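See structure below.
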Amino acid sequence: MITVWGRRNSVNVQKVLWALEELDVPYTRENVGGSFGSNQDADYLAMNPMGLVPVIRDGDVTMFESNAIVRYLAARFRAGVLRPAEHRSLAMAEQWMEWAQVNFAPAVSTLFVNRVRSLPEHRDVAAAAAAEKKAAEVLVVADAWIARHDWFAGQDFSFGDIVMGASLWRYTGVDCIRPPMPHLMEWFEAVQQREAFRRAVMAVPRAKDLADWKRIEKETA
Ligand SMILES: N[C@@H](CCC(=O)N[C@@H](CS)C(=O)NCC(=O)O)C(=O)O
């Protein structure tokens, strides 16, 4: 049985839970981080010296870094389900996971922190505006790719869809100007039909402000 340490409202934890659900691998989860704390305890720091979530334990493997965990799980369980067997599809899964993590996820995080998860007086308005612009620019790139493919790796769903899907769920819950992205929205509709996405990501409602965020964190523990 795999153990996941991390609160359910963390996008990085959600990526790992989504992968586990897609792979139908049994797991247990411990609430760590945010209002639950424990992530600076010595025994937690022994697993992840960064003091961040998620961490997983799979037998004699204990690891952190959400994307590395997703790729590890994809390689370890149910070959071909999340990790494409065909080398060109695998290359595209790797490429788009990396691309989404480097280009889109940081913009979403800045937007989210400064428009939702902070008190209005603590918000960096300029940083949020820059992130809004950056997100809009890069989404046009993703939209152009997905206009020509069913999924980011090609014909089948893969780990290449996971960072984009989890980040887009958060992004579409933030009050901001979004670019036209009809193909990406079509892909996102298909993502939202996946049971695994519903259980791991959509099951945590999107917050409108800090108080809402704290309430949801407790309620979805
Ligand atoms: N690169 C790391 C980043 C992990 C990270 O930043 N986790 C955040 C939550 S999304 C965290 O642990 N924050 C402290 C907390 O939850 O208390 C990963 O992808 O796993």
Side-chain angles (χ1 to χ4, degrees), residues 2-22 27 29-58 61-76 82 93-119 122 124 127-128 131 135 159-174 197 200-207 209-221:
I2 289 187
T3 305
V4 180
W5 285 266
R7 54 188 169 84
R8 287 184 75 195
N9 59 348
S10 150
V11 70
N12 290 313
V13 172
Q14 288 177 357
K15 290 183 286 185
V16 169
L17 300 181
W18 185 9
L20 285 164
E21 295 281 350
E22 290 282 353
Y27 63 91
R29 190 184 56 79
E30 302 287 333
N31 280 312
V32 172
S35 61
F36 306 107
S38 301
N39 45 325
Q40 295 300 325
D41 293 355
D43 53 350
Y44 192 82
L45 292 172
M47 296 193 296
N48 181 359
M50 302 300 287
L52 297 172
V53 294
V55 166
I56 67 155
R57 179 166 294 153
D58 173 26
V61 172
T62 302
M63 71 183 291
F64 53 91
E65 284 304 332
S66 59
N67 292 351
I69 295 171
V70 168
R71 289 195 301 269
Y72 165 76
L73 295 171
R76 171 140 164 74
L82 270 190
E94 293 281 6
Q95 173 185 289
W96 286 105
M97 172 183 252
E98 188 76 10
W99 179 90
Q101 187 63 39
V102 170
N103 294 288
F104 185 48
V108 175
S109 171
T110 302
L111 257 178
F112 183 70
V113 167
N114 291 294
R115 296 236 171 120
V116 177
R117 212 195 67 187
S118 53
L119 293 170
H122 294 153
D124 185 334
F159 68 72
D161 297 288
I162 283 190
V163 175
M164 197 62 199
S167 301
L168 204 58
W169 175 252
R170 177 155 286 184
Y171 173 74
T172 51
V174 177
F197 184 78
V201 183
M202 291 173 75
V204 181
R206 289 178 293 191
D209 57 27
L210 182 61
D212 204 27
W213 168 259
K214 288 183 176 169
R215 178 186 58 79
I216 291 167
E217 182 166 88
K218 284 196 178 66
E219 284 178 6
T220 56

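Since the model is a prediction, treat every value here as computed from it, not as a measurement. Numbering of ligands and ligand atoms starts at 1, following listing order.
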Non-hydrogen atom of Met50 closer than 4.0 Å to ligand 1 |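 For ligand 1, residue contact (heavy atoms, under 4.0 Å) with Met50 is absent.
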
Nearest-contact summary for [atom] - protein heavy atom, Å:
atom	value
atom 9 (C) of ligand 1	Arg7 NH2, 3.3 Å
atom 3 (C) of ligand 1	Asn12 ND2, 3.7 Å
atom 17 (O) of ligand 1	Gly34 N, 2.8 Å
atom 7 (N) of ligand 1	Val53 O, 2.8 Å

Step through it carefully: locate the ring centre of Phe112, locate the ring centre of Trp213, and say whether they are under 6.0 Å apart.
->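 Under 6.0 Å, so yes.
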
Would [X] count as a polar contact of ligand 1, with the cut-off being nitrogen or oxygen pairs under 3.5 Å?
X	result
Gly33	no
Ser66	yes
Glu65	yes
Asn39	yes
Leu52	no

Closest heavy-atom pair and its distance - Ala100, Val163 =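 What the structure gives for the nearest pair is CB-CG1, 3.6 Å.
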
Should Val4 and Ile69 be marked as a side chain to side chain contact (heavy atoms under 4.5 Å, CB included) after you check the CA-CA gap, both sets of side-chain angles, and the distance that decides it?
-> CA-CA 10 Å; Val4 180; Ile69 295 171; over 6 Å; no

Report yes or no: does Gln14 contribute a side-chain atom to a donor-acceptor pair with the main-chain N or O of Arg8 at less than 3.5 Å?
->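 Yes.
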
Report yes or no: do Thr172 and Arg206 form a side-chain donor-acceptor pair below 3.5 Å?
->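 Arg206 and Thr172 do have a side-chain donor-acceptor pair below 3.5 Å.
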
Step by step, would you call Met202 with Phe197 a side chain to side chain contact (heavy atoms under 4.5 Å, CB included)?
-> CA-CA 6 Å; Met202 291 173 75; Phe197 184 78; 3.4 Å; yes

Pro54: numbered ligand 1 atoms lying under 4.0 Å from its heavy atoms =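 Result: 20 (O).
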
Would you sort out whether Ile2 and Leu73 count as a side chain to side chain contact (heavy atoms under 4.5 Å, CB included), showing the intermediate values?
-> CA-CA 10 Å; Ile2 289 187; Leu73 295 171; 3.8 Å; yes

Quick one: CH2 on Trp99 to CE on Met164, what's the gap to the nearest 0.5 Å?
->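 So the CH2 of Trp99 and the CE of Met164 are separated by 5.0 Å.
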
